[in-house]
Each structure stands twice: as structure tokens, then as C-alpha cells.
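Numbers for residues simply follow the sequence, beginning at 1. These numbers were taken from a predicted model, which means no experiment stands behind them. Remember, it's 1-based here, ligands and their atoms both numbered in the order they're listed.
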Amino acid sequence: MALEKHTYCRICEPLCGMIATVEDDRLISLRPDKDHPLSKGFACPKGIAFTEIVNDPDRLRHPLRRRPEGDFEQISWDTALSEIGDRLVDVHRTHGAGSIGWYFGNPATFSTGHTLWTAIFMNLLGTPHVYSAGSQDVNNRFVASHFLYGNPVTAPIPDINRVDYLMIIGANPIVSHGSVMSSPRIREGLRAITARGGTVLVVDPRHTETAREFDWQPITPDTDALFLLSLLHVMFDEGLADEDRLRRQARGVDELKTTVAAYAPEVTAARTDIDPGRVREIARSLVSTQRAAVYGRVGTSLGRTGTLTTALLDMVNLVAGNLDVVGGSMFGDLGIPGQKLGVTALQKVSTFRWAGRRSRVGNLPQVLGTAPASLMAKEITTPGKGQLRALFVSAGNPVLSVPNGDELRSALDELDLTVSLDIYRNETNAHADYILPATTMYEREDFLLPFQALFTTPFKQATEAVIPPQGEAREEWTVINELVGALASQNLLIRSLHTTNTLARRFGRPVTPRRVSDLVIRLGLGGDRFGLRRGGLSYRRLIEEHPHGAVVADGLAPGQLSKNITFLDGRIRLTAPELMAEIDRLEVEPDSGFPLRLIGMREIRSENSWQHNAPMLLRGGRSHAARMHPDDATSRGLAEGDLATVESRHGRISLPVTITEDIKPGVVAIPHGWGHNGSGGWTQANAAAGNDLGTGGVNVNALISSDPADLERLAGMANMTGVPIQVTALDDSRVRAGVSVGSSHN
Ligand SMILES: Nc1nc2c(c(=O)[nH]1)N[C@H]1C(S)=C(S)[C@@H](COP(=O)(O)OP(=O)(O)OC[C@H]3O[C@@H](n4cnc5c(=O)[nH]c(N)nc54)[C@H](O)[C@@H]3O)O[C@H]1N2
Ligand SMILES: Nc1nc2c(c(=O)[nH]1)N[C@H]1C(S)=C(S)[C@@H](COP(=O)(O)OP(=O)(O)OC[C@H]3O[C@@H](n4cnc5c(=O)[nH]c(N)nc54)[C@H](O)[C@@H]3O)O[C@H]1N2
Ligand code: SF4
Ligand SMILES: [Mo]
């Protein structure tokens, strides 16, 4: 009999409400939940196609072990866990805890158990080798918040529901559905701004899907910091800023003024290619519009100075009078008593604090206990104390998602032990010793802690698992409990964790993600405070009484700054020396052999590298192509669909070009997440995006440097945007001869 279950999508950040139709424990279909108070019947193609992923014949259903011949054989969980445990103990005994590492990818963030258990396990183990997708995504945000507020885990979000002038810089929410902001139906949210007479201005090198609906201001890639410095310059220079208020809120106002004095829009225009008059006009609008905000994301994170750029975004909001006020850039509130004390206490723990440790290779600071993923390959291949010998990869595909995948791929083969937890065989775990099958989101209950302070309308939803684990799939946190058991004999802190787990189980109160989440729900905004607040929320209540989720406040509350700043004087620090030192990096030498600039882009029917196996998302055929401007194409003799070679100082790939006016001349956009090379189990993905050179697309990150000297200094961010490249027509004769060109088309 078919059952309908309320749940929500956990692929990307709006967490849209879904209705799952389930028959005999099998997921039959997914459709958007009309009664969800925020997503109101919206879901994107990825969300709907997820039925195909849950039921994908290529999905991993059993543990696999690599055979000496190189292929994989099915083994039991018992065998897998006992062999992995033994080998892990061996590595620990011979090389110590500091030789064991973990990389967790983007989907880990969408599972509370997965994130928490990995963080606790690795922290107690005491290894610096913790890596995540964050150093290709958002770690600069945490570091900017660390310097500005003393609190790495706070981030202001635009008050979409009330803002009247929104500048979006380096984000494409109509395709990405919003990031570091959970705002279901974002397209509608943005349209409502213009409908109420407001403005949405998109500052982007590409005339994106978002820019096409609103106003577009093109910008030269990786010059956002200069543009933002100019906005600050104008605000001070023209006396627009309320300096008295500013001085009450922040320290370093005079230093900031002195610094930005050198960045008049007339000075930066040569680099940003933005008309100085336009910059002045934007600065004035940001100040004079009562409800205005600036919002930046991935495009402002992956340049050479991502931490500085993100800090400048907040400074522009602050100086314009738009930070922490209604309609501006606001802070979500967890509403948990003592949350600030908790963050302050965590800051004292060296394994959590910014730069509490630095990487062995490259001496880069850790961010929230993680090191830059770009360094993984060199940490594996560089001998000496602390060399990485055993690596777990969960919910990640770093061979495609981090710089220089070729280097990582061969490094993986040198490890003593590589274990992957995934729902698929991918380009990374093709090099693992063991691949363990994980549950998809619909096979686990969840309440997502990491997104609670990011909803533009404060909201809470919990879900039960809608189907049981498929095949022998298991949840990651339960596997981590097994690893904790295996290592208990070796490591004192791991032994205490194991003892705690065992005792809790014995007393019938096992530590589970649900218990932890329940605690947060009950203490937080709208929670029942364990009976102190009548009618308040608990995990059970959310499930039983709020199947579509619960809106817990009408809107974001202003006046949250003091709760978020951990500095004793309660003021923002504008000019931390580390941040100011980054300004020197804004000077760049022109790279004459590589006159074009590479940027990234996301596609509506992809999610990074892992949704190219769903037939629904491949309908009508997909191509993987470089977008370039007609002027750049013509001068290189390239016509629509021609094959071209794209080269940077670090690598070379070949793919077709798509010629479009919708990009700034001199800029080339290539989506990441392609380069499916047949080594995994992705039948559809491997066969997709075919052209004369092959199928599966190419890995754009072959063009990106993993050299520590090329990483952003404060957060170890990979430099994936604004990278100097050259594009040339691919020699026809080589295509006809079937020569595979480029380092990464394999
Ligand atoms: N459909 C879809 N949705 C997704 C994903 C996906 O793969 N597909 N991925 C999810 C993930 S993991 C994330 S982190 C979010 C990301 O969410 P967003 O940040 O909104 O997504 P992007 O498309 O990467 O947007 C970056 C924008 O920055 C522009 N850009 C590039 N370089 C520069 C620059 O130097 N300056 C400026 N001003 N702009 C620049 C690009 O042209 C692009 O439009 O999306 C999530 N949602
Ligand atoms: N050039 C360039 N590179 C980029 C970016 C860019 O904009 N440009 N963006 C970067 C960003 S923002 C991100 S977030 C990273 C993403 O980088 P990664 O997270 O390393 O890669 P994904 O492609 O998201 O791979 C996710 C893997 O998780 C698996 N998976 C899905 N759900 C689950 C689950 O519930 N449990 C488990 N165990 N596995 C699961 C999928 O099968 C897939 O193998 O890419 C980064 N790389
Ligand atoms: S936008 Fe699409 S993928 Fe993202 S949460 Fe909503 S339905 Fe899921
Ligand atoms: Mo991401």
C-alpha cells in the first residue's frame, strides 16, 4: 500500500519541503510539499530526480574491498569493519594518530550525525589531517567572522523578505538556490524586492540567470576586494557614513579610513572595469536606502583574497548602516541560552581555534579544526613525522572537487589505507581499499543543526527516515562509532569516548544525533525548554505536530550583534593586522601568456559532481563546455561548438566552447564537477556530455594550483576564480587521429 510521508530535501540549502510516496519500503516518487510554509510547493529538478538516485542500480548497496587485481569484491560489514579496524590500529601503532586523516565532502553538512560524529572523532583522535570541501567553499567566511567578531561560526545573511536594495556579488541564487542563507523560493523572494519598488543589482563577470532577471554590473574576476574598498572610500570620502554610530559599534574606524583613502573608484576602475560614477552611485544607494544589503558567496570566496573580500562585504554593510538592522544584513538567532559562552569556550581549544595548528606542508592555518584540502596530496607524499598514511573520505569526491585531482589520485594509491563512505562509486573511491555504502538522506531521520541560524525566515523542520536503508547501507555516525571502538585500545581520548558511548547504551540512553538535536531544539528558539515553555518544540513535537515544519519567528530579529561578538568590549574589529596584510596581495603582475580569466559556474541540473547519473537530469543531452565572449572566440578562430584547449600555468584541458554575449569579454566560465572517467560505477555520468574527445566532461580543477604558495593565506582557500588562462583552437588533425589531449580527459 502506498504511503505519503512528509520530509524535506537535503541536497542544497533551502531544504525544500517534500512529500515522499513510499510503497513496501520503496521510494516511489517525490513531489514538492504545497503546505510547507516556506517552499510552498516548490522543488527544483534535482530534488524531484532524487528518487532515481535512491533507486539507482549503480548505487552502492554492499561493502566492497579492493582485490589485488584492482577490481572490487563484495564483503560483509563484519569483515569490512574488522579488517579496517585492524589496519587502522596498525597505522596508529606504527605512525601515531597524526597519520590518520579524514576528508568530508559537501553532503556531510546535510546530515547532523555525519558532521558531528566526524568532528568529535577526529578532534579527540588529535590529528591535524581533517579536510573538507570548506577550503573550496566557505572557510574564508569563518575566518572573516573570526577576525571581525571573534566568533568564527556567525555569519550575517541578507534579510530577503524586507530588503529594498540588494547587491548580490559573486552568487547566482536562481541556479544555486542560495548559499550561506536558507531561503526557499529564492527567485520569488528576489522578484518581490523589485515588485515592491526595490532594486536587485548583480555584480558578476557573467550575465547569469540571476543577473538576467535584474540589474547587471559586470566586474573583472577577482577584483571584488578593490570594488568593495572603493565603496568604503566613497562612503567616508563623501561623508555618507554615520561615524559616531560606527565608532560605538567598531574599533579601527580611523585605520580603515586611512586604508581606503588610497582606493578611490577612479583608481580601482582600471582593474575592476567598473565606471567610477557607477561605484559612487552604488555607495550612495547602499547608504541612503533605508533597507539595503550586500550579499556575496562563492565568487567572492575563491579569489586570491577570499577572507579579506568577505570581511569587506561585512564592512560595507556596517559602514552603510545596514548591519544587524531590519532589511539589512542580519544575524540569525539560535536562541540558546549561553551560546556565546559556548563559542568563547571552544575558541580556547587549540584544535578548534583559528591557526591553533598550522599545516605541516605549507604552514597554513587550520579553520574550525580543518586544514586546506588542496594540501592532501602533498601531505600523503611528503615523508617525515606526521605524514598522512590512512585516509577516510566520506560524502566527497575530492579527485574532482579540489585543485589538481591528478596529483591527488596518484597520491591516494600510496596510502596504507583508504576508506570511502559514499552512496556511489566515484572518481575518488576508485582508489580506495574499502568502499562502504552509506544511506541517502531519505534513509535517515534528521534535523539539520548547521542551517538553523541561516534561515531568512526562522524555521525548524525534523523528519523521520522515509524508507529503511537500501541494501546494506548504514549511517555514517554508526560506522564512526565502530571506528571509535576499534581505536579505543590505542588512544586515551578515544577510549573515553568509547566508554561514554558504551555506558550510555547500557543505561538505555544511547548518544544519537536525534538526542543531540532534541536538546538543541528544546533549548533554542521556539523550544519547550524542557517544560518551561508551554507548547514549545521538541524533536517529537516537530515530527508529530509540525509535519510541514514550523516557522518560529516572523522575521530575523535586529540587535543580535552583541550576542555574536565575543570580544570583551563588544565591538567589531575592522582592522586585524592579518586582514590588513592581505591588502598587499591585491597588487598583481599581469601574466602575458595567459590573458583570459577563468571563472566557475553552477548548472541547474547538477549538484557538484554527483547528480550526473540521474536520467531525469540528463534529459535532452548535456554538454560540458567553456562559455566565452564572441570577441575572444573570433580572435582565436573559434566557432560555436569547436573544441578548444584551455591552459593555465598548472594544467591543460580540452573541451568544446559555447559562444555567448552573456559574459564579460576576457572571461571564460567552465562548470566544475565533470571529468567522469569511467573508473567509478556511474554508468550514466560516464556516458554523458559526449563530444569528439570522449564522454563524461573534463575536470576543470586540472587548471587549478594545489601549490601551498598559491592558496589564500588566511583560510587556505583554493584559488579557483580569476585564474589566468589561455584558450586556443584544438588542432583538428589531433582530434581526427583520436589523440586524447590534455592532462585530465581520461
Ligand atoms: N544547481 C546547483 N545548485 C547548487 C550547487 C550545484 O552544483 N548546482 N552547489 C551548491 C553548493 S556546494 C554551493 S557552495 C552553492 C554556491 O552558491 P552560489 O555561490 O550562488 O553559486 P555559484 O554558481 O558558484 O555562484 C558564483 C557566482 O560568482 C560569479 N563569479 C565568479 N568569479 C567571480 C568574481 O571574481 N567576482 C564576482 N563578483 N563574481 C564571480 C560566477 O559567475 C557565479 O555566477 O550552490 C549550491 N547549490
Ligand atoms: N572549480 C571549482 N571547484 C569547486 C567548486 C567551484 O565552484 N569551482 N565548488 C566547490 C564547492 S562549493 C564544493 S561544496 C565542493 C564539493 O566537493 P565534494 O563534496 O568533494 O564533491 P561532491 O561532488 O559534492 O561529492 C559528494 C559525494 O558524496 C556522495 N554522497 C551524496 N550523498 C551522500 C550521503 O548522504 N552520504 C555519503 N556518505 N555520501 C553521499 C556523492 O555520491 C558524491 O560522491 O566542490 C568544490 N569544487
Ligand atoms: S532547491 Fe532543489 S535540491 Fe535544493 S533543497 Fe530545494 S528541491 Fe532540494
Ligand atoms: Mo559548496
Taking the non-hydrogen atoms of Arg602, is any one of them nearer than 4.0 angstrom to ligand 2?
yes
Quick one: which of Asn106, Thr440, Val393, Thr428 has a heavy atom closest to atom 14 (S) of ligand 2?
Asn106
Output yes when Glu475 and Arg444 qualify as a salt bridge under the 4.0 Å nitrogen-oxygen rule, no when they do not.
no
Taking distance alone, with no angle check, do Ser394 and ligand 2 share an N/O pair under 3.5 Å?
no
Arg474 to Trp77 six-membered ring, cation-pi geometry met (6.0 Å, 45°)
yes
Heavy atom of the protein closest to atom 32 (N) of ligand 2 (residue, atom name, distance):
Pro107 CB, 3.6 Å
Answer yes or no for Arg444: is there a heavy-atom contact with ligand 2 below 4.0 Å?
yes
For atom 38 (N) of ligand 2, the protein heavy atom that lies nearest, with its residue and separation:
Glu476 OE2, 2.8 Å
Heavy-atom nearest neighbour in the protein, as seen from atom 23 (O) of ligand 2, with distance rounded to 0.1 Å
Ser609 OG, 2.5 Å
Is a donor from one side chain sitting under 3.5 angstrom from an acceptor on the other, for Ser706 and Glu407?
yes
More than 12 heavy atoms of other groups within 6.0 Å of Arg649 CZ:
no
So which protein heavy atom does atom 6 (C) of ligand 2 come closest to, and at what separation?
His672 ND1, 3.3 Å
Among the heavy atoms of Thr721, does any lie under 4.0 Å from an atom of ligand 2?
no
With a 4.0 Å cut-off on heavy atoms, does Phe104 reach ligand 2?
no
Just which atoms of ligand 2 are under 4.0 Å from any heavy atom in Asn397?
18 (P), 20 (O), 21 (O), 25 (O)
Per-atom contacts of ligand 2 with Tyr424, taking only distances under 4.0 Å to non-hydrogen atoms
42 (O)
Can you name the atoms of ligand 2, numbered from 1 with element, that are less than 4.0 Å from a heavy atom of Gln136?
9 (N), 10 (C), 11 (C), 12 (S), 46 (C)
Is the side chain of Asn139 donor-acceptor paired with the backbone N or O of Ala715 at a distance under 3.5 Å, no angle test?
no
Taking Asn106 for the side chain and Asn608 for the main chain, is one N or O donor matched with an acceptor at less than 3.5 Å?
no
Check whether any heavy atom of Ala438 sits under 4.0 Å from an atom of ligand 2.
yes
One finds that the ligand 2 atoms under 4.0 Å from a non-hydrogen atom of Val700 are 1 (N)
Are side-chain N/O atoms of Asn613 and Asp56 paired as donor and acceptor at under 3.5 Å?
yes
Please determine if Glu13 and Arg10 form a salt bridge, counting it only when a charged side-chain N lies under 4.0 Å from a carboxylate O.
no
Checking heavy-atom distances from atom 18 (P) of ligand 2 to each of Cys12, Ser401, Gly405, Pro437, the winner is Ser401
Can you label the angle between the Phe50 ring and the Trp610 ring as parallel, tilted or perpendicular, going by 30° and 60°?
perpendicular
Quick check: does any side chain N or O of Ser135 sit under 3.5 Å from a backbone N or O of Ala373, one acting as donor and the other as acceptor?
yes
Is the distance between the ring centroids of Phe451 and Phe110 under 6.0 Å?
yes
Who's the nearest protein heavy-atom neighbour of atom 16 (C) of ligand 2, and how far?
Asn608 ND2, 3.7 Å
Test your reading of the model: is there a side-chain donor-acceptor pair from Glu52 to the backbone of Met616, 3.5 Å cut-off?
yes
Checking Thr428, Asp422, Asn429 against Asn397 for side chain to side chain contact (heavy atoms under 4.5 Å, CB included), the one that qualifies is Thr428
Under 4.0 Å between a Lys/Arg side-chain N and an Asp/Glu carboxylate O for Glu472 and Arg61?
no
Nearest-contact summary for atom 29 (C) of ligand 2 - protein heavy atom, Å:
Asp422 OD1, 3.1 Å
If waters are left out, how many protein N/O/S atoms lie within less than 2.8 Å of atom 6 (Fe) of ligand 3?
1
Please check if the side chain of Ser145 supplies one atom and the backbone of Phe142 the other of a donor-acceptor pair under 3.5 Å.
no
Say whether Asp224 and Thr300, considering side chains only, have a donor N or O and an acceptor N or O under 3.5 Å apart.
no
Just which atoms of ligand 2 are under 4.0 Å from any heavy atom in Gly105?
19 (O)
If you take the centroid of each ring, where Trp contributes its six-membered ring, are Tyr424 and Trp682 closer together than 6.0 Å?
yes
If you scan protein heavy atoms around atom 20 (O) of ligand 2, the nearest is Tyr103 OH, 2.6 Å
Side chain, backbone, both or neither: Phe110 near ligand 2, heavy atoms under 4.0 Å
neither
Which atoms of ligand 2 are found less than 4.0 Å from any heavy atom of Asn701?
1 (N), 2 (C), 3 (N)
What are the atoms of ligand 2, with element, lying closer than 4.0 Å to any heavy atom of Thr439?
34 (C), 35 (O), 36 (N)
